[in-house]
Number of protein chains: 2
Amino acid sequence: MSAIRGGSRARTRQAILDAAIEVLARNPAAPLGDVAAAADVGRTTLHRYFAERGDLLAALREEAGRRLGEARDRARLGDDSGASALRRLCQEFFDLGDVLSLLFREQVAVDGEGCDENFEAMVRRGYEDGSVDPELPPIWLQSLMWSQLYAGWHYVTECQVSRHEALRLILRCVDGAVTPR
Amino acid sequence: MSAIRGGSRARTRQAILDAAIEVLARNPAAPLGDVAAAADVGRTTLHRYFAERGDLLAALREEAGRRLGEARDRARLGDDSGASALRRLCQEFFDLGDVLSLLFREQVAVDGEGCDENFEAMVRRGYEDGSVDPELPPIWLQSLMWSQLYAGWHYVTECQVSRHEALRLILRCVDGAVTPR
DNA sequence: CCAGAGTGGAACATCGATGTTCCACTCTGG
DNA sequence: CCAGAGTGGAACATCGATGTTCCACTCTGG
């Protein structure tokens with residue numbers, strides 16, 4: 001029954017996606033064989049789920065976007081002061097782990113034009129409630145946040161630092177950067 | 001005379017290196033043909049100067065390291081307060097332009113163990129003169145600086161922002177992050 | 001002008017990643 | 001047990017990047 005075996009298919013697919021996030025976060029040009037190996041799956045099987053590299057990448061973007069959206073929802077950008085909401089957003093995004101590295105390049109680049117509208121609204125609220133320095137434009141704050149998150153994640157994976165400690169430093173620095181003089 | 005034509009050789013070599021910095025900063029996996037084209041040079045000629053891709057990358061690292069060292073020297077890390085010196089360093093590094101992107105990944109990663117000793121001395125001076133928050137370890141400040149620089153450089157190349165404006169935001173945010181509460 | 005350095009293009013061999021095909025194997029629901 | 005889904009390995013064709021060779025061309029110092 002495909003309905004029953006479907007569970008197995010979904011599990012394999014997810015294992016491949018998870019492995020792809022892990023492997024491609026470290027090396028975006030990694031061969032598919034490495035992804036398959038990390039997923040404990042034959043290369044043949046990987047191709048059965050994602051015919052071409054582009055198919056895998058597309059699914060990956062979708063998965064990353066999904067997780068990103070969930071994290072943003074959890075941060076409740078509409079509550080509290082602008083700066084508090086930004087803190088929560090950093091916290092939630094930081095927990096995305098490897099997805100961060102994967103998103104980093106695109107995120108910084110993609111948002112060149114219009115930055116996320118929820119994010120922008122949050123920042124504008126911060127201008128008004130006095131928790132965010134009006135000198136700092138929303139797009140810049142978005143770049144700032146992402147680069148801090150990336151630096152923090154690197155700090156965790158490369159140095160011998162706990163996620164908690166890294167998050168503390170990130171929040172300390174984002175706060176400092178954002179607060180009006 | 002090789003001494004005379006040597007000038008031509010040096011010029012061609014430099015043109016290739018400059019092109020490589022530009023091309024590989026945007027796409028580290030770019031084919032050598034792209035680099036040759038950007039340098040206005042035949043692929044054959046490129047191989048005449050750098051037999052293998054690795055040779056080009058090695059020369060590139062050397063060139064980048066040289067420029068990085070020069071920038072650090074210009075920043076006179078030993079003068080003024082720790083925070084002022086850090087400002088100058090950001091300023092000098094930011095002017096490296098494309099070299100930034102090239103160095104970024106390595107820099108953040110490479111300095112995992114021991115971070116630059118001059119940098120560390122500068123930060124410790126900042127702890128003592130009260131211009132740098134002692135809660136922030138030197139390695140973290142190094143990551144912070146690099147990620148800010150990278151974000152700023154992206155901001156310039158992707159959005160329609162002047163280098164000057166981006167630098168202002170970088171310094172504003174680094175200052176805010178570093179200053180003790 | 002001429003010799004020789006420096007160059008670019010064409011052609012080629014090689015290599016690794018990619019994607020496909022086929023077959024034998026395993027595992028599970030019935 | 002048995003049918004069929006799901007899988008992995010081996011073998012293969014293809015493709016793009018790499019690196020090499022060779023030859024004709026240009027340019028400059030003498």
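Order of the sequence lines fixes the chain letters, A, B, ..., with proteins taken first and strands second; residue numbering starts at 1 for each chain.
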Side chains of residues 173-181 of chain B: which donor-acceptor partners sit under 3.5 Å, not counting sequence neighbours?
{"unit_1": "B/D175", "atom_1": "OD2", "unit_2": "B/R87", "atom_2": "NH1", "d": "2.4"}
{"unit_1": "B/T179", "atom_1": "OG1", "unit_2": "B/D175", "atom_2": "O", "d": "2.7"}

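- Among residues two or more places apart in sequence or in another chain, the side chain to side chain contact (heavy atoms under 4.5 Å, CB included) test is passed with A/E62 by none.
- If you check distances only, the side chain of A/T44 does reach the base of D/dG9 with a donor-acceptor pair under 3.5 Å.
- A salt bridge links B/R72 to B/D116: one of the charged nitrogens lies within less than 4.0 Å of a carboxylate oxygen.
- Salt-bridge formation is not detected for the pair A/E70/A/R67: no Lys NZ or Arg NE/NH1/NH2 atom is positioned less than 4.0 Å from an Asp or Glu carboxylate oxygen.
- Straight-line distance from the CG atom of B/L46 to the P atom of D/dT18: 10 Å, rounded to whole Å.
- Distance A/R48 CZ to C/dT18 C1': 16 Å, rounded to the nearest Å.
- Contacts with DNA chain D (heavy atom under 4.0 Å) in residues 22-43 of chain A: A/D40, A/V41, A/G42, listed by number.
- Using a 4.0 Å cut-off, no side-chain N or O of B/S8 falls inside it from OP1 or OP2 of C/dA5.
- For DNA chain C, if you chain together Watson-Crick or G-U pairs that step i with j, i+1 with j-1 and so on, the runs of at least three with distances under 3.5 Å are C:1-30 with D:1-30.
- Proximity of a side-chain donor or acceptor of A/S131 to a complementary backbone N or O of A/A83 within less than 3.5 Å is detected.
- Aromatic ring centres of A/F104 and A/W153 lie farther apart than the 6.0 Å criterion allows.
- Annotation: of the two residues near DNA chain D, B/H47 and A/T12, the 5′-most nearest-nucleotide partner is A/T12.
- With B/R88 contributing its side chain and B/R76 its backbone, the two residues share a donor-acceptor pair below 3.5 Å.
- Not a single donor-acceptor contact under 3.5 angstrom links the side-chain atoms of A/R11 to the base of D/dG6.
- The distance from atom CZ of B/R13 to atom P of C/dT7 is 13 Å, rounded to the nearest whole Å.
- Listed candidates were C/dG8, C/dG6, D/dT20. Nearest to the side chain of B/A51 is D/dT20.
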Considering only distance and modelled atom types, tabulate donor-acceptor pairs under 3.5 Å from the side chains of residues 46-54 of chain A, sequence neighbours left out.
{"unit_1": "A/H47", "atom_1": "ND1", "unit_2": "A/R43", "atom_2": "O", "d": "3.4"}
{"unit_1": "A/R53", "atom_1": "NH2", "unit_2": "A/A30", "atom_2": "O", "d": "2.3"}

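- Between the CZ atom of B/F50 and the C1' atom of D/dT18 there is a distance of 16 Å, given to the nearest Å.
- Note: A/Y155 and B/W140 meet the aromatic proximity criterion, with ring centroids under 6.0 Å apart.
- In the region residues 52-61 of chain A, proximity to DNA chain D at under 4.0 angstrom, judged on heavy atoms, holds for none of the residues.
- Nucleic acid contact for A/Y49: sugar-phosphate only, since backbone atoms but no base atoms lie under 4.0 Å from a heavy atom of the residue.
- Side-chain atoms of B/D129 come within 3.5 Å of backbone atoms of B/G82 as a donor-acceptor pair (strictly under, hydrogens ignored).
- Salt bridge A/R125/A/E128: absent, no basic N to carboxylate O contact under 4.0 Å.
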